[in-house]
Amino acid sequence: MSFTNVSIREALQLPEGSKARIRGWVYRRRIYGDKAFVVVRDSTGIMQTVVAKGSTIDFEKAENITIESAIEVEGTVKNDPRAPGGKELRVTSFKIISKAEPFPITASASREFLLDIRHLWVRSRKMTAIFKVRNTVFRAIHDYFKNKGYYEVQCPMFITAAVEGGATLFEVDYFGEKKVYLTQSSQFYLEALIYSLEKVYTVAPSFRAEKSRTRRHLTEFWHAEAEAAWAGLNDMLKVEEELIAYIVERVLEENQQELEFLKRDISALEGVKPPFPRISYTEAIEMLKRKGIKVEWGEDLGADEERALTQEFEKPFFIYGYPVKAKAFYHKTDPQNPKVTLSADLLAPEGYGEIIGGGERIADKNELIRKIKDFGLNPDDYQWYIDLRKYGSVQHAGFGLGIDRTVMWICGLDHIIDAIPFPRTIRRIYP
RNA sequence: GCCGGGGUAGCUCAGCCAGGUGGAGCGCCCGGCUGUUAACCGGGUGGUCCCGGGUUCGAAUCCCGGCCCCGGCGCCA
């Protein structure tokens, strides 16, 4: 038998006259006179198949097929300008694997409805394209760190003390005996592990009970975090810009078709090469004032301010030296300027905003305890974290990358919920 | 948490302001069409008008309470 199973991508490259068998799901069905046009979708693409009335049994099957039915089709590849993609399969055998009930998704579906039936919407070509880019982003993160001598580690999701502010913790009942929380960040555990492996990274979810209703917030998001011993702020900025540039480079290499399908402006990504501009928080405030935006030194930058700044840059850029009070307690104060920290955020251009937060950590025990108290927190809650400063503490720095936000920016999406298959937001935990 | 918008057929919406037997398009079913491209044309099918209470002869429509969703802000990655 001369039929071979091929993916649709492969089938579309076969010479005219080749015999092929493809399988997938019905994407479109059009009946016209004595022909049934059934467009089939698999993970690699779509292809039109044509069933003619001559083959009576098969025609009836094709004529009555429903959208999203699983089918297996054999036929001959034929070049035809009328077919989408210029090639189609003239069907000789049409086998139904599983006939679908009427598919609920039609052209007029709303964002809300698509979220309700997300488990079906993930089949869409848009979602599929995004997932492929996302796959490349994750792979590139692992490849980058491994190439740079970082060890991958795994940290707990159940924790007992906050890393960020306490109000944003999800509480979990632990055997009815005590309360634990879902982690907001693996940072503290990474800091512990640098005394073993020196350079470590992890890719894991982080959970934040922020009641944020914006297009950039998930309550469960994917976090790539790194921490390195013997490193200061500037060493880390270099790692961060290299990492981002590498991720973008890989996506441009491997996901041209997907970016095209998503109508992403590729030229905006091609310029994402190091070095990224570095401006101080103080400079950022001045830039905003020149643009006529009212801000005071010492305030954290809000969404409008961030957006205004991202318009000034063509590629991602760093803002460093945030005021002490605008950042979490573990950031080291700049010895040259006690009003600011050795911290930096990386903002994506085109209005996307913050994708990385990081900086140098406090290495001195007494400074750390003082800072914890200054922030109105109880040092007893951070005992093991303080402990790290007692036994051979060294200068170290790290950062956290919001992977979903990175995917959102690279794909040019207008909402973060489309950057992840099953988004969790303040209002949505189903499906 | 605050501000704004919304919930009517499987889906997208109109009807609500000004109360009087619930509509359209898409989907689905039937028929037609000699290659369609989100096919097209004709016919048919389809309703707990979010829930509870109130006003009224009469409520999708007005009033009160509740639930849910969407957008934005603050906060953050």
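Here is how names work: the chains are called A, B, and so on, in the same order as the sequence lines, proteins then strands, and each is numbered from 1.
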(message) Both A:I67 and A:I31 contact RNA chain B. Which one's nearest nucleotide lies toward the 5' end?
(response)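 By nearest-heavy-atom nucleotide position, the 5'-most residue is A:I67.
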(message) Both A:L346 and A:G33 contact RNA chain B. Taking the nearest nucleotide for each, which residue is further toward the 5' end?
(response)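 The 5'-side residue here is A:G33.
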Taking only N and O in the side chain of [X], is any of them less than 4.0 Å away from OP1 or OP2 of [N]?
{"X": "A:R428", "N": "B:C70", "answer": "yes"}
{"X": "A:K211", "N": "B:G1", "answer": "yes"}
{"X": "A:S110", "N": "B:U12", "answer": "yes"}
{"X": "A:H217", "N": "B:C73", "answer": "no"}
{"X": "A:R213", "N": "B:C69", "answer": "no"}

Regarding [X] and [Y], do their side chains bring together a donor and an acceptor under 3.5 Å, going by distance alone?
{"X": "A:T282", "Y": "A:W297", "value": "yes"}
{"X": "A:H331", "Y": "A:Y322", "value": "no"}
{"X": "A:T49", "Y": "A:E88", "value": "no"}

Contact class for [X] (heavy atom, under 4.0 Å): base, sugar-phosphate, or nothing?
{"X": "A:L218", "value": "base"}
{"X": "A:A36", "value": "nothing"}
{"X": "A:F221", "value": "base"}
{"X": "A:T214", "value": "base"}
{"X": "A:L401", "value": "nothing"}

(message) Return the NZ to CG distance between A:K332 and A:L342, rounded to the nearest 0.5 Å.
(response)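 Taking NZ in A:K332 and CG in A:L342, the distance rounds to 7.0 Å.
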Round to a whole Å and report the spacing from [atom1] of [X] to [atom2] of [N].
{"X": "A:F103", "N": "B:A38", "atom1": "CZ", "atom2": "C1'", "value": "15 Å"}
{"X": "A:L115", "N": "B:C68", "atom1": "CG", "atom2": "C1'", "value": "14 Å"}
{"X": "A:L114", "N": "B:U12", "atom1": "CG", "atom2": "P", "value": "8 Å"}
{"X": "A:L169", "N": "B:C76", "atom1": "CG", "atom2": "P", "value": "14 Å"}
{"X": "A:F113", "N": "B:G7", "atom1": "CZ", "atom2": "P", "value": "17 Å"}

(message) Given A:I22, which partner from the list A:E72, A:E74, A:M47 fulfils the side chain to side chain contact (heavy atoms under 4.5 Å, CB included) test?
(response)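 The passing option is A:M47.
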Any strand counts, and the cut-off is 3.5 Å on both contacts for Watson-Crick or G-U wobble. Which nucleotide pairs with [N]?
{"N": "B:G71", "result": "B:C3"}
{"N": "B:A60", "result": "none"}
{"N": "B:U36", "result": "none"}
{"N": "B:A18", "result": "none"}
{"N": "B:U55", "result": "none"}

(message) Parallel, tilted or perpendicular, judged at 30° and 60°: which one describes the rings of A:F221 and A:H223?
(response)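 A:F221 and A:H223: tilted rings.
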Given [options], which nucleotide is nearest the side-chain atoms of [X]?
{"X": "A:R28", "options": "B:A38, B:G74, B:G25", "result": "B:A38"}
{"X": "A:R111", "options": "B:G71, B:G74, B:U36", "result": "B:G71"}
{"X": "A:I416", "options": "B:A77, B:A38, B:C11", "result": "B:A77"}
{"X": "A:E112", "options": "B:C70, B:C73, B:U36", "result": "B:C70"}
{"X": "A:R427", "options": "B:A77, B:U36, B:C70", "result": "B:C70"}
{"X": "A:E88", "options": "B:U36, B:A77, B:C70", "result": "B:U36"}

(request) Would you mind listing every salt bridge (Lys or Arg N to Asp or Glu O under 4.0 Å) that reaches into residues 342-361 of chain A, with sequence neighbours excluded? (result)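 Every pair satisfying salt bridge (Lys or Arg N to Asp or Glu O under 4.0 Å) with a residue in residues 342-361 of chain A: A:E227-A:R361, A:R264-A:E350, A:K327-A:D345.
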(request) Kindly state each residue pair satisfying salt bridge (Lys or Arg N to Asp or Glu O under 4.0 Å) with at least one member in residues 26-44 of chain A, sequence neighbours excluded. (result)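 Pairs touching residues 26-44 of chain A that pass the test: A:R41-A:E68.
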(request) Please list, by residue number, the residues of residues 255-263 of chain A whose heavy atoms come closer than 4.0 Å to an atom of RNA chain B; answer none if no residue qualifies. (result)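 Correct list: empty, so none.
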(message) Using a 4.0 Å cut-off on heavy atoms, which residues in residues 300-308 of chain A reach RNA chain B? List them by number, or say none.
(response)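 Those residues whose heavy atoms fall under 4.0 Å from RNA chain B, taken from residues 300-308 of chain A in numerical order, are A:D300, A:G302, A:A303, A:E306, A:R307.
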What pair of heavy atoms forms the shortest contact from [X] to [Y], and how long is it?
{"X": "A:Y27", "Y": "A:I67", "answer": "O-CD1, 3.6 Å"}
{"X": "A:K315", "Y": "A:G271", "answer": "CD-O, 3.5 Å"}
{"X": "A:S18", "Y": "A:L14", "answer": "OG-CB, 3.7 Å"}

(request) Record whether the side chain of A:R405 comes under 3.5 Å of the base of B:C76 through a donor-acceptor pair of N or O atoms. (result)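 Present.
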(request) Tell whether A:T106 reaches the base of B:C26 with its side chain through a donor-acceptor pair below 3.5 angstrom. (result)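 No pair found.
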Write down the protein N/O and nucleotide N/O pairs, taken from nucleotides 44-51 of chain B, whose separation is under 3.5 Å; answer none if there are no such pairs.
none

(message) I'd like to know whether the aromatic ring centres of A:F276 and A:F317 sit less than 6.0 Å apart in this structure.
(response)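 No, ring centres 6.0 Å or more apart.
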(message) When you compare the side chain of A:V133 with that of A:I410, does any pair of heavy atoms fall below 4.5 Å?
(response)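 Sidechains of A:V133 and A:I410: in contact.
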(request) Please list all pairs passing the side-chain hydrogen bond (donor to acceptor under 3.5 Å, both in side chains) test where one or both residues lie in residues 95-113 of chain A, with sequence neighbours left out. (result)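 Output for this query lists A:R111-A:D414.
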